[in-house]
Each structure stands twice: as C-alpha cells, then as structure tokens.
Amino acid sequence: MLPIKLILFDLDDTLLHFDDYWEFSVKEVFSHHFFTKEMNVNELFDVFEQVNQAMVEKLDSGQITLDEYRTARFIRSLEQVGRIADEELAFSFESLYQSMSQKNMKPDLRTKKLIAELGNHYQLGVLTNGSKEWQLAKLHAIELIDVIPPEYVFISGAIGHEKPSPQIYQHVLGATSLSPDQVLVVGDSWMNDIAGPISQGLNAIWLNRKNKQLPETPLPLAVITELEELRAILLPQRL
C-alpha cells in the first residue's frame with residue numbers, strides 16, 4: 001500500500017457536480033438579471049454553454065485567468081446574440097449567479113458517507129481553483145465545510161497560484177510538511193488533477209465520469225468513473 005496520508009479532492013465536478021445545478025442556475029440568473037431578463041433564456045443559455053466550454057479550455061490551458069474567464073464568457077455570449085456588454089455587466093452577472101446558484105447546490109449523501117469513511121484512515125482536504133469566498137460557499141452548501149479541516153483547504157485565490165502550476169502543489173507540500181508520495185489528488189481535470197500533481201511527484205486518481213480517452217502519460221494511480229470506487233482502492237478490505 002502506498003504511504004498516502006493526505007487525500008486532496010478537487011471541488012468543481014468532483015465533490016460538487018456542475019450538472020446538478022448549472023443549467024437551472026444560469027437560466028434563473030438570465031431571467032432575473034436586468035440586462036438579459038427580456039431575452040429568450042433557453043436560446044441564450046445554449047449560446048452561453050458553447051462559449052463557456054471554449055473559455056474553460058483556455059482557462060485549463062493557462063491562456064486566461066479565472067477573472068478573464070468569467071468576464072469573457074458573458075461578454076462573448078452577448079456578442080453572439082447582438083448585444084454589447086462590458087466587464088461591469090459581466091461581474092454583476094457573476095455576482096448574481098453565485099448568490100442564486102448556491103441555493104441550488106445540494107449535499108450528496110453518498111459523497112458525505114464516503115468522506116466520513118475515508119476520514120477514518122486519512123487526512124482529507126480540498127485543492128481547488130477559484131476565489132476563496134466562492135469555493136468556501138460551495139463547501140458550505142454541500143455540507144462539507146465542517147468535515148474538511150481548514151488547514152487542508154487549498155484555494156488558488158488565497159494561495160496566489162492556480163492548478164496546474166507547479167507552485168500550487170509545492171505550496172501544499174510546504175504547508176503540510178508531507179513528502180509528495182504521501183499526498184493523493186483526486187479530481188476530474190486531467191491537467192489540473194492528474195498531470196500537474198504527478199509532475200511534482202504526487203499521486204493522482206482521475207475521476208473520469210465522461211469516459212474520456214486516457215492519455216498515454218502520465219499514468220495515474222487509478223481511473224474511476226464514480227467517487228464510490230475509491231473504497232476498493234483506498235480502504236482496508238474486510239475479510
């Protein structure tokens with residue numbers, strides 16, 4: 001068994017799934033925001049979804065920052081439907097989205113049970129990109145804020161580096177005084193949660209819920225499609 005002492009979970013689309021709240025929340029915001037409430041919400045969401053996916057790819061590859069991602073997805077979506085928006089409008093949309101979507105985030109009882117079981121054998125933490133306030137609000141919404149020790153909650157907005165930069169993983173190692181082989185990252189992003197950690201000597205397990213093709217390198221410790229599969233990998237098996 002590997003000498004793992006700390007398991008760090010990604011937050012977005014790992015502990016909290018976008019599909020559970022994303023579409024409903026975005027449409028709700030469009031229908032309430034003063035700039036978009038008179039527009040066709042369904043058509044606007046379809047455009048926004050396509051633009052958002054393109055912006056996510058640029059964000060994950062390090063071409064844009066998180067703030068640039070949040071403003072660009074709104075401004076470019078409105079451009080495609082013939083409306084001119086600026087950064088101020090984009091930030092007001094993002095603020096309303098965060099306040100409204102939080103109430104649509106619900107705890108997953110299976111995930112809470114798994115976290116409790118793993119917590120009997122490992123230290124548990126979170127390693128996520130995003131602003132400190134927003135990511136903590138998500139942890140509160142899914143009722144994990146009191147389960148994960150605050151000293152093991154690593155948020156890029158508070159650290160000053162984003163995954164997959166080497167500095168954020170080195171920050172984790174320095175803050176925990178652990179060696180790389182004692183830390184395991186579990187997440188859905190190949191670059192952020194697999195390639196990035198492994199490049200710094202950490203272990204990684206890929207949550208591949210969408211059955212994407214496995215790159216040839218690097219090799220993660222395991223590939224899973226549901227978090228519950230971690231039991232068979234990480235927990236002692238009863239005879």
Side-chain angles (χ1 to χ4, degrees), residues 1-18 55-70 111 114-115 118-119 121-136 138-139 142 144-145 147-209 212 214-224 227 229-230 233-234:
M1 188 67 183
L2 293 171
I4 295 169
K5 292 187 177 181
L6 173 64
I7 303 174
L8 292 174
F9 289 92
D10 173 51
L11 178 53
D12 296 306
D13 251 3
T14 299
L15 293 177
L16 172 65
H17 298 309
F18 279 121
M55 293 298 101
V56 166
E57 292 179 6
K58 290 189 175 183
L59 177 66
D60 286 345
S61 63
Q63 298 179 54
I64 57 176
T65 66
L66 187 60
D67 283 342
E68 289 171 337
Y69 155 73
R70 287 171 173 168
T111 299
L114 173 65
I115 292 296
L118 290 171
H121 301 273
Y122 305 92
Q123 293 291 340
L124 302 180
V126 167
L127 178 58
T128 178
N129 283 346
S131 66
K132 180 179 179 179
E133 295 78 10
W134 181 220
Q135 298 306 82
L136 290 177
K138 293 176 185 178
L139 284 173
I142 61 176
L144 291 178
I145 192 69
V147 178
I148 308 293
E151 63 267 27
Y152 292 129
V153 176
F154 299 100
I155 302 173
S156 67
I159 296 171
H161 300 286
E162 293 185 352
K163 299 184 294 182
S165 69
Q167 293 92 334
I168 195 168
Y169 311 110
Q170 292 301 319
H171 174 89
V172 168
L173 297 176
T176 59
S177 298
L178 294 173
S179 60
D181 63 345
Q182 293 176 319
V183 181
L184 168 68
V185 177
V186 179
D188 69 294
S189 169
W190 179 262
M191 285 300 300
N192 292 348
D193 306 314
I194 308 303
I198 291 177
S199 72
Q200 300 304 305
L202 284 68
N203 298 290
I205 291 180
W206 190 24
L207 176 60
N208 186 17
R209 297 176 70 233
K212 297 179 181 178
L214 176 68
E216 292 184 3
T217 59
L219 287 177
L221 179 62
V223 179
I224 58 177
L227 283 179
E229 295 175 53
L230 292 176
I233 301 169
L234 298 173

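Just so you know, these numbers use all the heavy atoms, side chains as well, and skip hydrogens, waters and symmetry mates. Just so it is clear, the model here is predicted, and its values are computed rather than measured.
Between the side chain of N203 and the backbone N or O of D181 there is at least one donor-acceptor pair closer than 3.5 Å. Put simply, the side chain of T14 gets close to the backbone of D188: a donor and an acceptor are under 3.5 Å apart. Under the 3.5 Å distance criterion, the side-chain polar atoms of S156 are matched with a main-chain donor or acceptor of G130. A side-chain donor-acceptor contact under 3.5 Å links Y122 to the backbone of L234.
Summarising the geometry, atom CG belonging to L124 is positioned 9.5 Å from atom CG belonging to L15; distances are rounded to the nearest 0.5 Å. Taken to the nearest 0.5 Å, the OG atom of S179 stands 7.5 Å off from the NZ atom of K5. For the atom pair CD1 of I64 and CZ of R70, the computed distance is 11.5 Å after rounding to the nearest 0.5 Å. Rounded to the nearest 0.5 Å, atoms CG (L221) and CD1 (I198) are 8.5 Å apart. Distance check: T128 OG1 to L11 CG gives 4.5 Å after rounding to the nearest 0.5 Å. Expressed to the nearest 0.5 Å, how far CG of D10 lies from CG of L207 amounts to 8.5 Å.
With sequence neighbours excluded, no residue forms a ring-ring contact (aromatic ring centres under 6.0 Å, His included) with W134. A search for side chain to side chain donor-acceptor pair (under 3.5 Å) contacts involving D193 returns K163, not counting sequence neighbours. Partners of Q200 under the side chain to side chain donor-acceptor pair (under 3.5 Å) rule, at least two apart in sequence or in another chain, are Q170.
Side-chain contact between L230 and I7 is absent, with no heavy-atom pair separated by less than 4.5 Å. Within the 4.5 Å cutoff, no side-chain heavy atoms of I115 are placed close to those of L227. Inter-residue side-chain proximity for L214 and W190 is flagged as met; some heavy-atom pair is nearer than 4.5 Å.
Each of D12, N192, I155 was compared with N129 under the side chain to side chain contact (heavy atoms under 4.5 Å, CB included) criterion, and only N192 meets it.
There is no side-chain donor-acceptor pair under 3.5 Å between D67 and T65.
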